[in-house]
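Read the structure below first, then the notes.
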Protein chains: 6
Amino acid sequence: MVDVVALGEPLIQFNSFTLGPLRFVNYFEKHIAGSELNFCIAVIRNHLSCGLIARVGNDEFGRNIIEYSRSQGVDVSQIKIDDSFTGIYFVQRGYPIPLKSELIYYRKGSAGSKLSPEDVNEDYVRTAKLVHSTGITLAISESAKDAVFKAFELAKMRSFDTNIRPKLWTPEKARETILKLLGKYDIEVLITDPDDTKILLGITDPDEAYRKYKELGVKTLLYKLGAKGAVVFKDNLKAFKEAYKVPVEDPTGAGDAMAGTFISLYLQGKDLEYALHHGIVASTLVVMVRGDNEMTPTTEDAERFLKEF
Amino acid sequence: MVDVVALGEPLIQFNSFTLGPLRFVNYFEKHIAGSELNFCIAVIRNHLSCGLIARVGNDEFGRNIIEYSRSQGVDVSQIKIDDSFTGIYFVQRGYPIPLKSELIYYRKGSAGSKLSPEDVNEDYVRTAKLVHSTGITLAISESAKDAVFKAFELAKMRSFDTNIRPKLWTPEKARETILKLLGKYDIEVLITDPDDTKILLGITDPDEAYRKYKELGVKTLLYKLGAKGAVVFKDNLKAFKEAYKVPVEDPTGAGDAMAGTFISLYLQGKDLEYALHHGIVASTLVVMVRGDNEMTPTTEDAERFLKEF
Amino acid sequence: MVDVVALGEPLIQFNSFTLGPLRFVNYFEKHIAGSELNFCIAVIRNHLSCGLIARVGNDEFGRNIIEYSRSQGVDVSQIKIDDSFTGIYFVQRGYPIPLKSELIYYRKGSAGSKLSPEDVNEDYVRTAKLVHSTGITLAISESAKDAVFKAFELAKMRSFDTNIRPKLWTPEKARETILKLLGKYDIEVLITDPDDTKILLGITDPDEAYRKYKELGVKTLLYKLGAKGAVVFKDNLKAFKEAYKVPVEDPTGAGDAMAGTFISLYLQGKDLEYALHHGIVASTLVVMVRGDNEMTPTTEDAERFLKEF
Amino acid sequence: MVDVVALGEPLIQFNSFTLGPLRFVNYFEKHIAGSELNFCIAVIRNHLSCGLIARVGNDEFGRNIIEYSRSQGVDVSQIKIDDSFTGIYFVQRGYPIPLKSELIYYRKGSAGSKLSPEDVNEDYVRTAKLVHSTGITLAISESAKDAVFKAFELAKMRSFDTNIRPKLWTPEKARETILKLLGKYDIEVLITDPDDTKILLGITDPDEAYRKYKELGVKTLLYKLGAKGAVVFKDNLKAFKEAYKVPVEDPTGAGDAMAGTFISLYLQGKDLEYALHHGIVASTLVVMVRGDNEMTPTTEDAERFLKEF
Amino acid sequence: MVDVVALGEPLIQFNSFTLGPLRFVNYFEKHIAGSELNFCIAVIRNHLSCGLIARVGNDEFGRNIIEYSRSQGVDVSQIKIDDSFTGIYFVQRGYPIPLKSELIYYRKGSAGSKLSPEDVNEDYVRTAKLVHSTGITLAISESAKDAVFKAFELAKMRSFDTNIRPKLWTPEKARETILKLLGKYDIEVLITDPDDTKILLGITDPDEAYRKYKELGVKTLLYKLGAKGAVVFKDNLKAFKEAYKVPVEDPTGAGDAMAGTFISLYLQGKDLEYALHHGIVASTLVVMVRGDNEMTPTTEDAERFLKEF
Amino acid sequence: MVDVVALGEPLIQFNSFTLGPLRFVNYFEKHIAGSELNFCIAVIRNHLSCGLIARVGNDEFGRNIIEYSRSQGVDVSQIKIDDSFTGIYFVQRGYPIPLKSELIYYRKGSAGSKLSPEDVNEDYVRTAKLVHSTGITLAISESAKDAVFKAFELAKMRSFDTNIRPKLWTPEKARETILKLLGKYDIEVLITDPDDTKILLGITDPDEAYRKYKELGVKTLLYKLGAKGAVVFKDNLKAFKEAYKVPVEDPTGAGDAMAGTFISLYLQGKDLEYALHHGIVASTLVVMVRGDNEMTPTTEDAERFLKEF
C-alpha cells in the first residue's frame with residue numbers, strides 16, 4: 001500500500017552525448033525516464049511512498065526500468081511484463097532551438113502502451129491518498145486511457161498533468177479526451193501550462209485559466225510558466241515563484257519533477273508557497289543535466305538550495 | 001546505372017560501449033548498418049559500383065543513412081523517403097555467449113519494411129550486372145518480399161544470402177519463402193551456412209548442400225563456416241579457406257562483408273580462391289570492431305593483409 | 001525472510017578505464033561490488049532470495065550501494081547506515097601482471113568494517129536455509145569477525161569462501177582465524193583454492209585438501225583452480241570442469257560469481273556437476289568485463305552458454 | 001554544374017574534448033572543417049548546390065574530407081588528390097581567453113595549399129551563379145592565390161570573406177593581396193569585420209567601411225560584429241541584427257555559416273533582412289558546439305528558430 | 001633553494017564526469033590537486049620558483065602527485081614518501097547547489113596528514129622569500145599543524161590562507177588554532193573571505209576585517225568575495241576587482257590560484273592592483289574546468305586575458 | 001651529468017580510440033612518445049639516469065613533451081625550444097593488418113628535426129656512460145644526423161637501434177647512412193631485427209647477422225624477432241627468450257622499451273639473460289596498451305612479472 005499511485009509508461013531515454021542534429025551524434029547516454037516515473041521519484045524524494053502501474057517488455061530494457069525504479073524506492077509490484085517491446089526515445093538537444101530538446105519516440109505499440117484497466121488493482125488504488133496520471137498516458141492507447149479513467153474512478157484524490165505531446169495525438173483529440181476526464185472527475189491538483197491551456201480552453205492567462213479550471217472541479221492549479229517560473233492557485237490563494245537562471249543541459253523532465261515534488265509536499269500539508277518553491281528548485285536542478293530524475297532533490301537538499309543558492 | 005543493385009533495409013545500429021547485458025550499458029555508439037548496405041559497401045571497396053533500393057524515414061536517422069551511404073560511394077538515387085520511422089537496433093555483446101552478439105530490433109513497421117515493388121525501377125535493375133538481396137528482406141514485410149521477387153525477375157544475374165533471422169520469421173515461413181525464391185530464379189551465387197541450410201534442406205554437410213542447391217539452380221555456393229572459415233563451390237571446383245584468429249569485438253556484419261567482397265571480385269572475373277580469400281579477410285577485419293562495414297578492406301588492403309598478416 | 005544470508009562489506013569499485021599503472025589512468029568507471037554482495041547477486045540470478053547483513057556510510061556511495069543492491073533484488077533490510085565513510089577501492093588492470101588486477105583499498109575504518117554482532121538479527125539468520133561469509137569479513141575488523149561467528153552459530157547451514165587477501169591480514173592471522181571458524185562450525189560448502197589452502201593447511205593438492213577439510217567438518221568442497229577450472233568434492237563424488245578461454249578484462253569477482261551460483265543451485269538440489277558447470281560459466285563471463293556482478297548469468301542464460309558456446 | 005563554387009582548403013579539425021591548454025587535454029574529437037567547406041555546407045542547407053575546388057592528400061584524412069563533403073551534398077568532382085599530406089588543425093578552447101578558441105595549424109606545405117590555377121575547371125566556374133573564396137586561400141600559397149584570381153576572372157558573380165588569419169600571413173601582405181583582389185574584381189558580397197577592416201582600410205566604423213568598400217566595387221557588405229551581431233549594407237539599404245545569447249562551446253566556423261547562409265538566400269532573391277537573420281541564426285547555432293558545420297541549419301530549421309527561440 | 005615554500009597535503013581528485021549526486025555518476029576524471037600544490041603552481045606560472053613540503057603514500061597515487069608536481073616545475077625535493085595511503089577526494093558538482101561543488105574526502109590518516117616538524121628542512125625554509133600554508137594543513141593533524149608553526153617560526157615572510165573546511169574541524173577549533181597562529185607570527189599576506197572571517201572574528205565587512213587583521217599583524221589582506229570579486233588592502237591602499245562572468249564548471253581551486261598568483265606577483269614588487277587583477281583572472285579561468293590548477297595562467301597569458309576578454 | 005644520453009625527436013602521439021581506418025575514428029587519445037624518449041624512460045625505470053638531447057616547438061605540444069619527460073625523471077636540461085612546430089603523429093590500429101599499427105607523421109620540418117651538432121653539449125655527452133640514438137634520428141634531417149655523429153664521436157660507449165622507417169627515407173639511403181655510422185664507431189650494443197638487417201646486410205639469419213655486425217665493431221647484438229621473442233649475442237654467449245602471448249592493443253614503442261630496459265641493466269652489469277628477459281617483459285607490457293612508455297616496468301615490477309605470469 002503506497003501513498004501515491006501513478007499510471008504511465010516508463011521509457012528508456014537515449015540522450016545525445018553532444019548537442020545538435022542526431023545524425024552527427026556518435027554516442028548516446030542511457031537514462032530511465034517517463035513522465036509518471038519521474039513524478040514518482042520526486043514524490044519519494046520528498047518522503048512519501050509511490051507505486052507505478054505500468055507495463056514493460058520482457059527484455060533488457062524492461063528489466064532495466066524495473067531495476068532502476070526499484071533502486072529509487074518506487075513500488076514496482078504493479079509493473080507487469082508484457083510481450084511487446086519496451087518503449088524508448090532519443091533526445092536531440094539544442095537543435096534547431098538552443099536549450100530545447102526534441103524527442104524521437106519508438107513507443108508505438110510498446111509494452112507500456114498496452115497498459116489497460118485490468119492492470120489497475122482496485123485495492124491498491126483505493127488505499128492510496130492520491131492517484132496521478134498525465135495526458136501522455138491518455139494519448140498512448142485506448143486501453144491506457146481506460147486504465148486512467150478506471151483508476152480515477154477508484155481514487156480518493158487525483159492529480160493530473162496535461163502534458164500534451166503533439167507527436168502522440170492531435171490537439172482536437174487531446175482537448176476532447178482531457179476535458180472529458182476533467183468533466184468526469186474532480187481533480188485535487190491540475191498541472192498545466194499556457195500552451196496546453198490554449199489547446200484545452202483557448203486561453204493562456206493564468207488567472208482566467210484558474211477560474212475556468214476551477215469550474216471544471218479543479219481544486220488546486222499548478223501553472224508552469226517555463227523559464228519564467230510557476231504560479232499556483234488554491235481557493236483565494238495565489239503564489240508565484242520566479243525560475244532560477246542556471247545553465248540548461250536538457251529541460252526534459254523538469255515539469256515532472258516540479259509536479260511530483262509539489263504534490264508530495266502538498267499531501268503532507270505544507271503550505272502552497274513552500275511546495276511551490278520546492279517544485280521550482282526541483283525543476284531547476286533537473287534542467288541542468290541529461291536524465292530526467294537523477295537531480296530531483298530531497299526535501300532537505302531543496303532546503304539547502306533555497307538557503308545557499 | 002550501377003554494376004550491382006541490392007535491395008534491403010538500412011538501419012541505425014546502437015552498439016554497446018561496454019560488454020554485457022544491455023541494462024548495465026550506459027553508453028551506446030552509433031553506426032550505420034543493415035545487411036544489404038554492408039554488402040554494397042563491400043562491393044564498392046572492391047571497385048564496382050553499387051546502388052541500394054530501400055526506404056528510410058523522414059527523420060535524422062533516415063538522413064544519417066543516406067548521408068553515410070553516399071559518403072561511402074553507394075548510389076542512393078533509389079532510396080525513398082517514407083513517412084514511417086527509420087528502423088534501428090541495439091547490439092548486446094558478449095552476453096550470454098562470449099564473442100557473440102544479440103540484436104534487439106526496433107524495425108517492425110519501419111520505413112525500411114515499406115519497401116515495395118513500386119520502388120523497383122526497372123531500368124535501374126535491368127542494366128545492372130547483378131541483383132542481390134537476403135532472407136532479411138524477404139522476412140520484413142510482404143511488400144519487401146514482393147520487391148525482391150520483382151527485382152529478381154528483372155535481373156540479369158542474382159545473388160542471395162539466406163540470412164535467416166529467427167526474430168523476424170519462423171523457420172517454416174523462412175524455408176517456404178526462400179525455397180520458393182530459389183525455385184523460381186537461378187541464383188548465380190548463393191551465400192549461406194549450415195544453420196540456415198539445416199532449416200532449408202534439413203542437412204548441413206557442405207558437399208551435400210552444394211549438390212542440393214545446384215539442383216535448385218544455384219551456380220556458385222559460398223558456404224560460411226563461422227569461426228572455421230568458408231568453402232566455395234562452382235562446377236567441379238571447390239575451395240576452402242580457414243578463418244584467421246583475431247580478437248573478436250562484434251561478429252555482426254562479417255558475413256555481409258564476405259559476401260559483398262566475394263561477389264564484387266567474382267563479377268570481375270577473379271578466380272574462386274582469390275575471391276574467397278578476400279572474402280575471408282573482409283570478415284576477419286569486420287569482427288574486430290563495433291560497426292559492420294567500416295573495416296571492410298579495399299582489394300589492395302586485403303592483398304596487404306594476405307601478404308603481411 | 002530470505003533463502004540465503006550473507007555477511008560482508010559492500011564496496012564502491014573504481015575500475016581503470018585504461019590498462020596500466022594507476023598514475024597513467026585518467027578515467028575511472030564506477031561499479032558496485034564486494035565479495036558477499038557479488039555472491040548474493042549470483043544466488044539471486046539463480047532464483048533463490050538473498051539478503052545482505054552489512055553497514056554502509058551515510059553518504060552518496062552508501063546510498064549507491066543500497067540502491068544498486070535493491071535494484072538487483074538483494075534484500076537490503078539488514079543493511080545499516082553507519083557514521084563512518086563507505087569503503088571504496090580502485091582496480092589497476094594488467095600491470096605489472098597481464099590479465100591480472102591489483103586492488104587499492106580505502107576501507108580501513110570504513111562503515112562496512114563496523115559490522116558487528118548487534119547487526120545480526122537472530123530471526124533473520126535462523127530462518128535462512130544457509131548463511132555465507134568469507135575470509136575478507138573475518139579480516140576487516142574484530143567486530144565483523146564476531147558477527148560472522150554469531151551468524152554461523154545461529155545458522156542452519158553454512159558456506160564459507162576463504163578469500164585470503166594479503167593486504168588485509170597476515171597469513172598467520174588468516175590461518176588462525178579461519179581454522180578456528182572451521183573448527184567450531186560444520187561448513188556445508190567450503191570455497192577455496194590452492195593458494196589459500198597452502199596458507200591454511202600447508203598443502204595444495206585437491207584430493208589431499210578435501211581429505212583434510214572433510215576432517216574439519218566440511219561437507220562439500222569447491223576448489224577453484226584459476227584459469228584451469230575448478231573441482232568439487234562431496235562424499236565420494238568428485239567433478240572437474242575446465243575453464244573456458246575468453247578474453248580477460250578483469251578477473252575480480254569471478255570467484256564470488258562461481259560461489260554464489262554453485263551454492264544457489266546446490267541448495268536447489270541440482271547435482272554437483274550441473275552446479276559446478278554453471279559456476280564455471282558465471283566466472284567465465286565475469287572476467288570478460290570490468291564490474292564484478294553485472295555479467296553473472298541467470299540459470300537460463302548459463303544453460304544457453306553451455307549449449308551454444 | 002553547381003549554383004555556387006568555392007575555392008579553399010578543407011581540413012581535419014581535432015577539437016579539445018576538455019577546455020584549457022592543449023597539454024592538459026587527453027582526448028580530441030575529430031571534425032571536418034575549413035572555411036570554404038563550411039561555407040559550402042551552409043549554401044547547401046539553404047537549398048542551392050555547391051562545389052568545392054580543392055586538393056586533399058592521398059591518405060585517410062583526405063578520404064575523410066571527400067567522404068564527409070559528399071555526405072553533406074557538396075559536389076566533390078573538383079577535389080583533386082595531391083601527393084602532399086592533408087592539412088589539419090587543433091582547437092584549444094577557453095584558454096587563455098574564455099569562450100574563444102586558438103587554432104594550431106599543421107597545414108604548411110599541405111595538399112590543400114597546392115591548390116593551383118590548373119585545378120580551376122573553366123566551364124565549372126563559368127556556369128556557376130557565384131564563386132566564393134576567402135583571405136585564407138589567398139594566404140596559404142602563391143598557387144592557391146592564383147587559383148582564386150583565375151576563378152574570379154571567370155566568375156559571373158563573386159563573394160569574398162576577408163578572414164585574415166595572423167598565423168598565415170602578415171597584416172601588410174594581407175592588405176596588399178586582398179586590396180589587389182578587390183581592386184581587380186567587383187565583389188557582389190563582401191564578408192568582413194572591424195578587425196580585418198582595420199587592417200585593410202585603417203578604419204572600423206561600419207558605415208564608413210561600407211562607403212570605402214563600395215568605392216572598391218563591393219555591391220553588398222556583410223559586416224560581422226562578433227557577439228554583437230551583424231549589419232548588412234546594399235545600395236541604400238542597411239539592416240542590423242543583434243546576436244543571440246547562447247552558451248558558447250567553440251566560435252570557430254560561425255562566420256562561415258553566416259556567410260554561406262546569407263549568400264545562399266541572397267542568390268535566391270530573399271530580402272536582405274531575411275538573409276541576415278538566417279545568417280545570424282546559423283552562426284548562433286554553430287558556436288554552441290565543437291565542429292564548424294554540423295549545426296548549420298536548413299532554411300526551415302532556421303525559421304523554426306526565429307519563431308520559437 | 002626556492003623563492004616560495006608551501007606546506008600542505010597534495011591529493012588526488014576524482015571529479016565527476018557528469019553533474020549531480022555521486023551515486024548517478026558513472027565516470028570520474030582524475031586530477032592532481034590540494035590547496036598548497038595549487039598555490040605552488042600559480043606561483044610558478046608567474047615565474048617564481050616554489051617547493052612543496054609534504055608527504056605522499058608509497059603507491060601509484062603518491063607517485064602520480066610527485067610526477068605531476070615535478071612536471072609543473074614544483075620543487076619536489078621535500079616531498080617524503082610515507083607508509084600511509086595517499087589522500088584522495090571526490091568532487092560532486094552542481095548538486096544540491098548549482099555551480100557549487102561538494103568534496104568527499106578520503107584523507108583521514110593519510111600520508112599527507114603525517115606531515116610533521118621533522119619534515120621541515122631549516123635551511124630550505126630559511127632561505128625562501130616566503131613560506132605559505134593554509135587552514136587545511138592546520139586541521140589535518142597535530143603534527144601537520146606543528147610543521148606549519150615550525151616553518152612559520154623560521155620564515156622570512158609568511159602568507160596564510162584561512163581556508164576553513166567544516167568537514168575537517170569545528171569552527172571553534174579552527175578559530176582557536178588560526179588565531180593562535182596569527183597571534184604568534186606576523187603575516188605578510190592573509191588570504192581569507194567573509195565566511196571564514198565570520199568564524200574567526202565574528203564579522204564580515206571587508207574594511208572592518210582589515211582593521212582587525214591588521215591589529216593581529218597582518219600586513220596585506222586579500223579578501224575574496226566569491227562570485228563578486230575580491231578586495232585587497234595594504235597600508236592605506238585598497239583595491240577592488242569585480243569577478244568576470246563565465247560558465248562555471250567547478251569552483252574548486254579558484255581561491256588557491258588567486259592566492260598563488262597574487263603572492264607571486266606581490267613578491268616581484270608588482271603593484272596591488274596588478275597582482276589583484278591577475279589573481280582574479282586566475283580564479284576566473286580555474287572555475288571554468290574540472291581540475292584545480294591546469295587553467296592557472298602565466299603572467300603573459302593573464303595579460304592577454306585582461307586585454308582581450 | 002647523467003648515466004645515459006639519448007638523441008632524438010620526442011613527439012606527440014594521437015592514438016585512435018577505436019580500431020580501424022582513421023577516417024572512421026572520432027576520438028583520439030594523446031600520449032607522449034618518440035623512440036629515444038621511450039628508450040630514456042625505460043633506462044630510468046631500471047634505475048639509471050638519462051637525459052634527452054632534442055628540440056621541441058615553442059607551443060603547447062612542446063611544453064607537453066618537456067613536462068611529461070620531466071615528470072618521468074628524464075633530464076630535460078638539454079631540450080631546446082625551437083621556432084618550428086612540434087612533431088606529431090597519428091596511430092591507426094588494426095587496419096589493414098590486425099594487431100599492427102600504421103603511423104601517420106606530421107614531423108617534416110618540425111622542431112625536433114632541427115636537432116643539430118650545436119645542441120650536443122660536449123661535457124654532457126663525454127661524462128655519460130653511454131650515448132644512444134636510432135635510425136630515425138639519422139633520417140629526419142642532415143643536421144640531426146650530424147648531431148648523432150658528433151655525439152658518437154664524443155661518447156665513451158654507444159648503443160644504436162637501426163629502426164629503419166620506410167616513411168622517412170629510402171632503403172638505399174638508410175643502408176648507406178647506418179653502415180657509415182657503424183663503420184666509423186664501435187657500437188657497444190646494436191639493436192636491430194631481420195627486416196632492417198635485410199636492408200643493411202642483405203641477410204636475416206641471427207647468427208650470420210651477428211658475425212657480420214661483429215666485424216663492423218658491434219660488441220653486443222640485441223636481435224628482435226617480433227612476436228617470436230628476441231635473441232642476444234655477446235662474445236661467445238647467445239641467449240634467446242620467447243615472447244609472451246598477450247592481447248595486443250598497439251605494438252608501437254615495444255622495441256624501444258626492450259632496448260632501454262636491456263641497456264640499463266646491461267650497463268649495471270646484469271648478465272645477458274637477465275637483461276634480455278627484462279627487455280622481453282617490457283615489450284610485452286607495452287604492446288598491451290595505447291601509449292609507448294607508460295607500461296614500461298621498473299626492474300622490480302618486471303621481476304614480479306617473471307615470477308607470477
Side-chain angles (χ1 to χ4, degrees), chain A residues 14-29 90-104 164-167 171 193-199 204 224-228 242-252 254-255 284-290 295, chain D residues 13 15-19 27-33 38 41-42 44-46 68 71-73 93 98-99 243-250 253-254 257 261 277-278 280-309:
Chain A
F14 295 94
N15 210 310
S16 297
F17 191 60
T18 44
L19 278 187
L22 286 193
R23 69 193 193 277
F24 296 114
V25 175
N26 290 309
Y27 289 93
F28 291 84
E29 191 177 275
F90 294 85
V91 180
Q92 173 174 296
R93 292 182 295 113
Y95 184 89
I97 314 298
L99 315 179
K100 291 276 169 66
S101 296
E102 313 253 297
L103 310 185
I104 292 84
I164 301 178
R165 298 282 164 92
K167 289 196 181 172
D193 64 16
D195 283 351
D196 284 10
T197 302
K198 179 84 184 174
I199 290 170
T204 60
K224 299 178 292 181
L225 303 166
K228 282 185 204 135
E242 228 183 317
Y244 293 90
K245 282 206 185 348
V246 292
V248 175
E249 179 80 7
D250 177 15
T252 319
T284 299
L285 285 167
V286 166
V287 303
M288 297 184 70
V289 297
R290 302 185 289 269
M295 282 287 262
Chain D
Q13 173 193 99
N15 210 309
S16 297
F17 191 60
T18 44
L19 278 187
Y27 289 93
F28 291 85
E29 190 176 277
K30 197 187 65 185
H31 293 271
I32 316 299
N38 298 337
I41 290 173
I44 292 164
R45 295 267 163 85
N46 287 284
Y68 181 74
S71 79
Q72 298 311 305
R93 295 182 292 113
L99 315 180
Y244 294 90
K245 283 205 185 348
V246 292
V248 174
E249 180 81 6
D250 177 15
T261 299
H277 289 194
H278 280 244
I280 287 283
V281 166
S283 65
T284 299
L285 285 167
V286 165
V287 302
M288 297 184 70
V289 296
R290 301 185 289 269
D292 292 7
N293 48 58
E294 290 91 337
M295 282 289 264
T296 306
T298 60
T299 313
E300 296 70 31
D301 285 337
E303 278 171 4
R304 275 197 56 199
F305 178 115
L306 287 161
K307 219 177 297 167
E308 298 178 31
F309 188 53

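Not measured: the values here are computed from a predicted model. So you know, we letter chains A, B, ... as the sequences are listed, proteins then strands, and number each from 1. Scope of the values below: all heavy atoms of this structure, side chains included, with no hydrogens, waters or symmetry mates.
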Answer yes or no: are there more than 12 heavy-atom neighbours, outside A:K167 itself, under 6.0 Å from its atom NZ? yes

Does A:E242 CD have over 12 foreign heavy atoms under 6.0 Å away? no

Is chain A contacted by the side chain of [X], its backbone, both, or neither, given a heavy-atom distance below 4.5 Å?
X      : result
D:S71  : neither
D:E303 : neither
D:E249 : neither

Roughly how far apart are [X] [atom1] and [Y] [atom2], rounded to 0.5 Å?
X      : Y      : atom1 : atom2 : value
D:M288 : A:L19  : CE    : CG    : 5.5 Å
A:Y95  : D:L285 : OH    : CG    : 7.0 Å
D:H31  : A:F24  : NE2   : CZ    : 10.5 Å
D:R304 : A:E102 : CZ    : CD    : 4.0 Å

Which one wins on heavy-atom pair count under 4.5 Å against chain D: A:P98, A:G20, A:P21? A:P98

Is any side-chain heavy atom of D:P247 closer than 4.5 Å to a side-chain heavy atom of A:V248? no

May I have the step-by-step check of side chain to side chain contact (heavy atoms under 4.5 Å, CB included) for A:T18 and D:E294, ending in yes or no? CA-CA 11 Å; A:T18 44; D:E294 290 91 337; over 6 Å; no

